[in-house]
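This chain uses plain numbering: 1 for the first residue, then up along the sequence.
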Amino acid sequence: MKKIIIPTVAVARKGVIEKIKISENLVLGTTIGLVKNTNEDSVGYFLKDNTIRLCIADGHWGKEAAEIIVNHWLGENLEFPANKKDAIIEVQRVEEKLFRSFGKNKMDPDSDFTPEASFVAIQLVNNLLGVISYGDCRMLIAKAGKIKTKLTTKATWLGAFSRLGLRGRLPVERAIEFRRIRMTKGDFLFLFTDGVDQCVYEKDTISFNFIANLSRLTNLDEVFDKLMREIFAHGAQDNASLAILKF
């Protein structure tokens with residue numbers, strides 16, 4: 001069993017990119033960017049036998065929720081849901097864990113800000129990809145420069161406010177996305193936070209077509225480095241994290 005989660009404290013500095021090359025076909029990376037003072041993202045990898053799991057989370061009001069979420073989905077004993085009903089139950093368990101850690105039964109939506117996060121978690125077994133997401137983390141599958149699949153995102157975060165239905169947070173059963181996808185040889189899977197495509201804060205900056213076009217390249221290092229250069233060329237105004245897997 002192998003498990004890796006980034007960022008680490010040692011590299012959480014402005015302008016620094018933490019990059020971990022798992023293999024020729026998988027690379028993870030994160031950066032605090034050039035503007036923010038803390039990295040609230042978390043991205044992790046889990047391998048056991050022929051099962052690969054990846055999870056990426058974009059924290060809000062602190063890094064703690066993202067870390068809890070990623071650790072949950074990379075748990076060695078976790079049985080990854082096989083259908084939407086079970087996925088909803090599992091995400092509600094994560095939500096309850098966040099509520100127990102940070103929430104209370106009566107909260108002021110204008111002042112009781114607690115850590116929350118959006119996420120995408122995937123599990124790949126042989127060629128079958130399972131996908132679960134809540135919020136606005138991105139997933140893109142591309143091949144030979146063309147988009148094959150793009151995950152639907154929703155403007156919400158998982159945490160105490162979603163548990164109580166405050167500040168417009170969507171309930172899990174309404175916001176969750178669940179997919180099962182057959183991967184084919186040459187597919188590129190991109191998981192990333194909104195600091196990648198919206199590296200000018202909250203503005204669409206790097207197009208999904210630009211990202212998909214990187215799947216024309218054969219070297220995963222080159223794909224990762226080119227995308228990171230593009231993020232920094234536009235100012236890297238937000239935390240940016242990504243995982244790229246070539247099937």
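Annotation: side chain of L47 is not in contact with side chain of K3 (no heavy-atom distance under 4.5 Å). In this structure the side chain of L28 reaches within 4.5 angstrom of the side chain of I6, judged on heavy atoms. Looking at heavy atoms from C-beta onward, K154 lies in side-chain contact with E177 at the 4.5 angstrom threshold. The side-chain heavy atoms of L129 and I141, taken from C-beta on, include a pair separated by under 4.5 Å. Within the 4.5 Å cutoff, side-chain heavy atoms of I211 are placed close to those of V196. Using a 4.5 Å heavy-atom threshold, the side chains of T184 and N127 count as separate. At a threshold of 4.5 Å between non-hydrogen side-chain atoms, the residues I122 and L189 count as touching. Side-chain contact between K63 and N39 is absent, with no heavy-atom pair separated by less than 4.5 Å.
Shown here for D136 and T153, the closest heavy-atom pair between the two residues is CA-CB, 3.7 Å. Pairing each heavy atom of S215 with each of G145, the nearest pair is OG-N, 2.8 Å. In terms of heavy-atom proximity, T156 sits nearest to A175 at CG2-CB, 4.1 Å. Between I32 and G15 the shortest heavy-atom distance is CG2-N, 4.1 Å. Pairing each heavy atom of A240 with each of G195, the nearest pair is CB-O, 3.6 Å. The two residues M107 and L164 come nearest to each other via the heavy atoms SD-CD1, 3.7 Å.
Not one N or O on the side chain of R182 forms a donor-acceptor pair closer than 3.5 Å with the backbone of L128. A donor-acceptor pair under 3.5 Å is formed between the side chain of N239 and the backbone N or O of E40. Counting only distance, with no hydrogens or angles, the side chain of T205 and the backbone of K203 share a donor-acceptor pair below 3.5 Å. Using a distance-only test at 3.5 Å, with no hydrogens or angles considered, no donor-acceptor pair links the side chain of T114 to the main chain of G103. Not a single donor-acceptor pair under 3.5 Å links the side chain of D187 to the backbone N or O of M183.
One hydrophobic cluster, built from ILVMFWY side chains closer than 4.5 Å, holds both I244 and L217. L191 and F224 are not part of a single hydrophobic cluster, where members link through side-chain heavy atoms under 4.5 Å apart. One hydrophobic cluster, built from ILVMFWY side chains closer than 4.5 Å, cannot hold both L151 and W157; they sit in different ones. Taken together through direct or relayed side-chain contacts under 4.5 Å among Ile, Leu, Val, Met, Phe, Trp and Tyr, V27 and V43 form parts of separate hydrophobic clusters. Neither I4 nor V16 shares a network with the other; the hydrophobic side chains, linked directly or stepwise wherever heavy atoms of I, L, V, M, F, W or Y lie under 4.5 Å apart, form separate groups for each.
For the atom pair CZ of F190 and CG of L242, the computed distance is 8.5 Å after rounding to the nearest 0.5 Å. In this structure, K246 NZ and S23 OG are separated by 11.0 Å, a value rounded to the nearest 0.5 Å. One distance of note links OG1 of T38 with CZ of R13; it measures 15.0 Å at 0.5 Å rounding. Rounding to the nearest 0.5 Å places CZ of R216 at 13.0 Å from NZ of K143. In this structure, the separation between CZ on R138 and CG on L140 is 11.0 Å, given to the nearest 0.5 Å. If you take CZ on R163 and CZ on R100, they are separated by 9.5 Å, rounding to the nearest 0.5 Å.
Counting only N and O atoms by type, the side chains of K19 and T30 include no donor and acceptor under 3.5 Å apart. For the 3.5 Å distance criterion, the side chains of D41 and S241 qualify, holding a donor opposite an acceptor. Looking at Q92 and E173, their side chains do bring a donor and an acceptor atom within 3.5 Å of each other. Side-chain contact check for D58 and S118: no donor-acceptor pair (N or O, by modelled atom type) lies under 3.5 Å. No hydrogens or angles considered: a donor-acceptor pair under 3.5 Å links the side chains of Q198 and D204. Inspection of the T31 and E18 side chains reveals no N or O donor paired with an N or O acceptor under 3.5 Å.
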Contacts table for residues 226-235: side-chain donor-acceptor under 3.5 angstrom, sequence neighbours left out:
{"unit_1": "H234", "atom_1": "ND1", "unit_2": "E230", "atom_2": "O", "d": "2.9"}

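Heavy-atom neighbours of K146 NZ from other residues, nucleotides or ligands within 6.0 Å: at or below the threshold of 12. In E24, the CD atom is not crowded: 12 or fewer heavy atoms of neighbouring residues, nucleotides or ligands sit closer than 6.0 Å. The 12-atom threshold is exceeded at CG of D108, counting heavy atoms of other residues, nucleotides or ligands nearer than 6.0 Å. Residue K104 places its NZ atom among 12 or fewer non-hydrogen atoms of other residues, nucleotides or ligands, all under 6.0 Å distant.
If you chain together ILVMFWY residues whose side-chain heavy atoms come under 4.5 Å of each other, V200 ends up in a group of its own. Its side chain within the 4.5 Å cluster rule, F178 clusters with I68, I69, W73, L78, F80, I88, V91, V94, L98, F102, F119, I132, Y134, L158, L170, V172, I176 among the Ile, Leu, Val, Met, Phe, Trp and Tyr residues.
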Do S42 and I5 pass the side-chain contact (heavy atoms from CB on, under 4.5 Å) test, and can you show the C-alpha distance, the side-chain angles, and the key distance before you say yes or no? CA-CA 7 Å; S42 185; I5 297 177; 3.6 Å; yes

Please assess D221 against N219 for the test side-chain contact (heavy atoms from CB on, under 4.5 Å), listing each intermediate value before the final yes or no. CA-CA 5 Å; D221 278 318; N219 186 296; 3.0 Å; yes

Where do L220 and F188 land on the side-chain contact (heavy atoms from CB on, under 4.5 Å) test, with the steps shown first? CA-CA 10 Å; L220 212 58; F188 276 72; 3.6 Å; yes

I would like to know whether I206 and C199 meet side-chain contact (heavy atoms from CB on, under 4.5 Å); could you show each step before the answer? CA-CA 8 Å; I206 298 175; C199 48; 3.8 Å; yes

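Figure legend: cation-pi geometry between R53 and F46, with NZ or CZ positioned under 6.0 Å from the six-membered ring centre and within 45° of its axis. Remark: K150 qualifies as a cation-pi partner of F208 under the 6.0 Å distance and 45° angle criteria applied to the six-membered ring.
Using a 4.0 Å cut-off between a side-chain N of Lys or Arg and a carboxylate O of Asp or Glu, E116 and R169 qualify as a salt bridge. A salt bridge does not link E96 with R93: every distance from a Lys NZ or Arg NE/NH1/NH2 to an Asp or Glu carboxylate oxygen is 4.0 Å or more.
When each of I181, L54, I56 is paired with M139, the side chain to side chain contact (heavy atoms under 4.5 Å, CB included) condition holds for I181 and for no other.
In this pair, F161 and W61 present their aromatic rings perpendicular. The plane angle is above 60°, beyond the 30 to 60° band.
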